[in-house]
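Notes to accompany the following structure.
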Protein chains: 2
Amino acid sequence: MATIKDVATLAGVSVGTVSRVLAKNDTVKPKLLAKVEAAVKELRYKPNAAARALRKNKPDIVGLIVPDITNPFFSQLAKHVEMAAAAKGLSVMLANTHDDPQYEKQQIETLLDRSPLGILIVSASEDQAENLDTDIPIVAIDRTYADYPSIATDHEESAELAARHLLELGHKRIGYAAGPQGTQVARSRESGFLSGLKKASKEFNIVPEINILRGAFDFESGEELGRIFLGGSEADRPTAIATASDQQAIGILRTARDLRIDVPGALTIVGFDDTPLAALVTPRITTIKQSISKMANAAIDAIMQSGDKATDIRYPGQLIIRGSSGPVPGRQK
Amino acid sequence: MATIKDVATLAGVSVGTVSRVLAKNDTVKPKLLAKVEAAVKELRYKPNAAARALRKNKPDIVGLIVPDITNPFFSQLAKHVEMAAAAKGLSVMLANTHDDPQYEKQQIETLLDRSPLGILIVSASEDQAENLDTDIPIVAIDRTYADYPSIATDHEESAELAARHLLELGHKRIGYAAGPQGTQVARSRESGFLSGLKKASKEFNIVPEINILRGAFDFESGEELGRIFLGGSEADRPTAIATASDQQAIGILRTARDLRIDVPGALTIVGFDDTPLAALVTPRITTIKQSISKMANAAIDAIMQSGDKATDIRYPGQLIIRGSSGPVPGRQK
DNA sequence: CTGAAAGCGCTAACAA
DNA sequence: TTGTTAGCGCTTTCAG
């Protein structure tokens, strides 16, 4: 590979001059400028990123750590992070933790070794995590991570939206499929749902019977919980189930279909996340949408500000009403 | 940030010695080694990646360029690439092209500027692309890219599997939802399906009537094509439709459901890719599975060999039979 | 406006 | 076994 020296020699100028034209420093005479540009072209010269980084000591990559890029929510996040980063001239380094705190630690270390501008993390270890021994700014997305600033949807408030929606539709026997209790995000959604129920209870004059079941965020867990929720007689089982994730919701939908329970006729289902999947199944799932692009942009901004003011940011979720939710059976439309 | 010099000073040794212990060079006396390690710890010393890269001139990142990380197939690919890379001590840089050849070019350029070990690309521009002006090894995955070696599923042969499956089930009126003709991969799958039909035609003694419709790979396109395929009378419309992607298959499934056409009772649907989605919908979709992890590993290997022997690799696809395919209506099970 | 030269932090000879 | 030192390719003073 050609170096800046080669270019300088070929153009008959000094390396300083070449560097100047590369930096678009306008203090170079047109004549020399042309010569240099010609030389650059001829030698197919590409400045060496490592040398530049070393000299300027200003990294232009950000690390993104997610539990599993295969999860639609995270892949959307990755996409938006990449876009937000690209808009600022940053590149993103991707790492998966496979939901393993041990592996997560390792991934963070190797990422840190690359001395990035900062690290964005959707943690698998959440609050058990300890603060890192580094000056590189770290910001948590979607969940918390140790004491680092976190940017997320207001899970509590968002889950309230779902609760309110169900009561508004007249549902009384309500199920809630919660996420793993080890995660802050699952706990927030659950408590938010409960408090939402309480608040809306007065407004709609309904005292709901609530049944909470807990599992993982994934599809299989949804199926499983669904079987428990829907195993009872028609008079016993919930007429509406809210969940902590779209995957759970879809799992429950499957179970409902297996049991020949009509959705939304006999059962209303509400998801969380608004993953693309939610709009693909039949019926399309009513869910809570998170502002992924806003979070991504805020995260990049936070990193670029070197995380000077380490403030948490919360974005409201948005209720997206689709085909999977309807009025309680027996009530006129 | 502390430098190697600081460590050397604190430990009372030379930078060379520090460098040696960092390199795990065993020619350092235990006494000094201990001192150095203590100093490293105390100063929280982290070697500077840029300086190291500059000096060694051996990059340890690979670039991965995909049209859209949000596409389940690509996110799975990204996951496996990341894993394969991590196993070799490499990190991966992610870039999306949003299916835009213009943007793709740009992404490649910025990636190239980071002088990675190599670049893995699932191209959006495919064969229209020109070879790049660089020595950095590039390998195409899933599709071709200019003249670079490509690692992919044998789309032709895999599509034949689908064709054979349909004929084996006794289907005669067959639809094929092809992908965009601008992509090699879509063309291969289509021609493979056709030739598979021809081959199996003798074996099963069926002369199929084939109807080909073309669209994008996505879900919406599937719905649209589905409406055309299934718009005719029951006697006219196909009893089986194979597709170029799972998304198309799911789109068609949706249409079928809207039209109250039973799957697989009245219509068999076969997808392609075996994305997680395929197993989530009802009924689960029969599809062709690609060996993503094998491709990812082969790609990383190819990059690490500096692409000396630029050979294409093709992996066979695998027919995954699930609920969306059944015998032609009227035939006994 | 341009050239010369001093490093950025690190590794790898080469000496000692 | 350890210290010294010459760069890796680039940017950026500082002179001129």
Side-chain angles (χ1 to χ4, degrees), chain A residues 1-40 43-61 89 110 112-117 134-136, chain B residues 1-40 43-61 89 110 112-117 134-136:
Chain A
M1 212 52 196
T3 76
I4 197 173
K5 230 173 175 173
D6 302 325
V7 176
T9 310
L10 181 62
V13 299
S14 74
V15 295
T17 302
V18 176
S19 181
R20 271 166 219 130
V21 338
L22 260 42
K24 300 199 195 311
N25 204 323
D26 45 358
T27 66
V28 179
K29 279 247 179 94
K31 216 169 186 172
L32 290 193
L33 197 152
K35 272 207 240 174
V36 170
E37 285 181 335
V40 163
L43 295 175
R44 300 194 217 157
Y45 170 72
K46 290 267 178 203
N48 179 307
R52 182 174 275 174
L54 173 58
R55 185 59 226 240
K56 317 225 309 185
N57 200 25
K58 264 216 169 179
D60 57 354
I61 73 176
T110 68
L112 243 24
D113 284 350
R114 297 208 148 57
S115 28
L117 218 205
T134 176
D135 303 326
I136 292 174
Chain B
M1 212 53 195
T3 75
I4 198 173
K5 229 172 173 174
D6 302 325
V7 177
T9 309
L10 181 63
V13 300
S14 74
V15 293
T17 303
V18 176
S19 180
R20 270 166 220 130
V21 337
L22 260 43
K24 300 198 192 313
N25 204 323
D26 45 358
T27 65
V28 179
K29 281 250 178 88
K31 215 169 186 173
L32 289 193
L33 198 151
K35 272 206 241 174
V36 170
E37 285 181 336
V40 164
L43 295 174
R44 301 195 217 155
Y45 170 73
K46 290 268 176 198
N48 179 307
R52 181 174 276 173
L54 175 58
R55 185 60 224 238
K56 318 224 310 185
N57 201 23
K58 263 213 171 183
D60 55 354
I61 74 175
T110 68
L112 242 24
D113 284 351
R114 298 209 147 58
S115 27
L117 219 206
T134 177
D135 304 326
I136 292 173

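Small disclaimer: the values here were computed from a predicted structure and weren't measured. Naming convention: chains lettered A, B, ... in sequence-line order (proteins, then strands); numbering from 1 in each chain.
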Checklist entry - Which letter, B, S or -, goes with each nucleotide of nucleotides 11-16 of chain D from 5' to 3', with contact meaning a protein heavy atom under 4.0 Å? => result BBB---
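- Every residue was checked against the side-chain hydrogen bond (donor to acceptor under 3.5 Å, both in side chains) condition with B:N57, not counting sequence neighbours, and none meets it.
- Looking at residues two or more places apart in sequence or on another chain, you find no side-chain hydrogen bond (donor to acceptor under 3.5 Å, both in side chains) involving B:K35.
- The side chain to side chain donor-acceptor pair (under 3.5 Å) analysis of residues 13-22 of chain B, with sequence neighbours excluded, yields the pairs B:S14-B:T17.
- In this structure, the CG atom of A:L43 is 15 Å from the C1' atom of D:dG9, given to the nearest Å.
- One end of the helix from C:dC1-D:dG16 to C:dA16-D:dT1 points its axis 40° away from the other end's axis, with each axis taken from 5 pairs and the angle rounded to 10°.
- Scored by the salt bridge (Lys or Arg N to Asp or Glu O under 4.0 Å) test, A:R114 finds B:D60 as partners (sequence neighbours excluded).
- Distance, B:K5 NZ to D:dT4 P: 12 Å, rounded to whole Å.
- We find that CG of B:N48 is positioned 17 Å from P of D:dC10, with the value rounded to whole Å.
- Against DNA chain C, the stretch residues 31-39 of chain A makes heavy-atom approaches under 4.0 Å through A:L32.
- Atom C1' of nucleotide D:dG3 and atom CG of B:N25 are separated by 14 Å, given to the nearest angstrom.
- Note on residues 49-58 of chain A: no pairs pass salt bridge (charged side-chain N to carboxylate O under 4.0 Å, His left out), not counting sequence neighbours.
- Annotation: side chain to side chain contact (heavy atoms under 4.5 Å, CB included) contacts of A:A2 (sequence neighbours excluded): A:D6, A:L43, A:Y45.
- Two residues, A:V28 and A:L54, neighbour DNA chain C, and the one matched to the more 5' nucleotide by heavy-atom proximity is A:V28.
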Checklist entry - Can you list the steps and then say if A:K46 with B:D113 is a side chain to side chain contact (heavy atoms under 4.5 Å, CB included)? => result CA-CA 7 Å; A:K46 290 267 178 203; B:D113 284 351; 3.6 Å; yes
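- The side-chain heavy atoms of B:I136 and B:P116, taken from C-beta on, include a pair separated by under 4.5 Å.
- Shown here are the side chain to side chain contact (heavy atoms under 4.5 Å, CB included) partners of A:K5, two or more places apart in sequence or in another chain: A:T3, A:V15.
- Protein chain A contacts DNA chain C over a range whose 5' and 3' limits, counting nucleotides with an atom under 4.0 angstrom from a non-hydrogen atom, are C:dC1 to C:dG9.
- Between B:V28 and B:L33 the shortest heavy-atom distance is CG1-N, 3.9 Å.
- Shown here are the side-chain hydrogen bond (donor to acceptor under 3.5 Å, both in side chains) partners of A:S115, two or more places apart in sequence or in another chain: there are none.
- Of the two residues near DNA chain D, B:S14 and B:A51, the one whose nearest nucleotide lies more 5' is B:S14.
- Annotation for A:A8 and A:V18: closest pair CA-CG2, 3.7 Å, computed over non-hydrogen atoms.
- No contact: A:N57 has no heavy atom under 4.0 Å from any strand.
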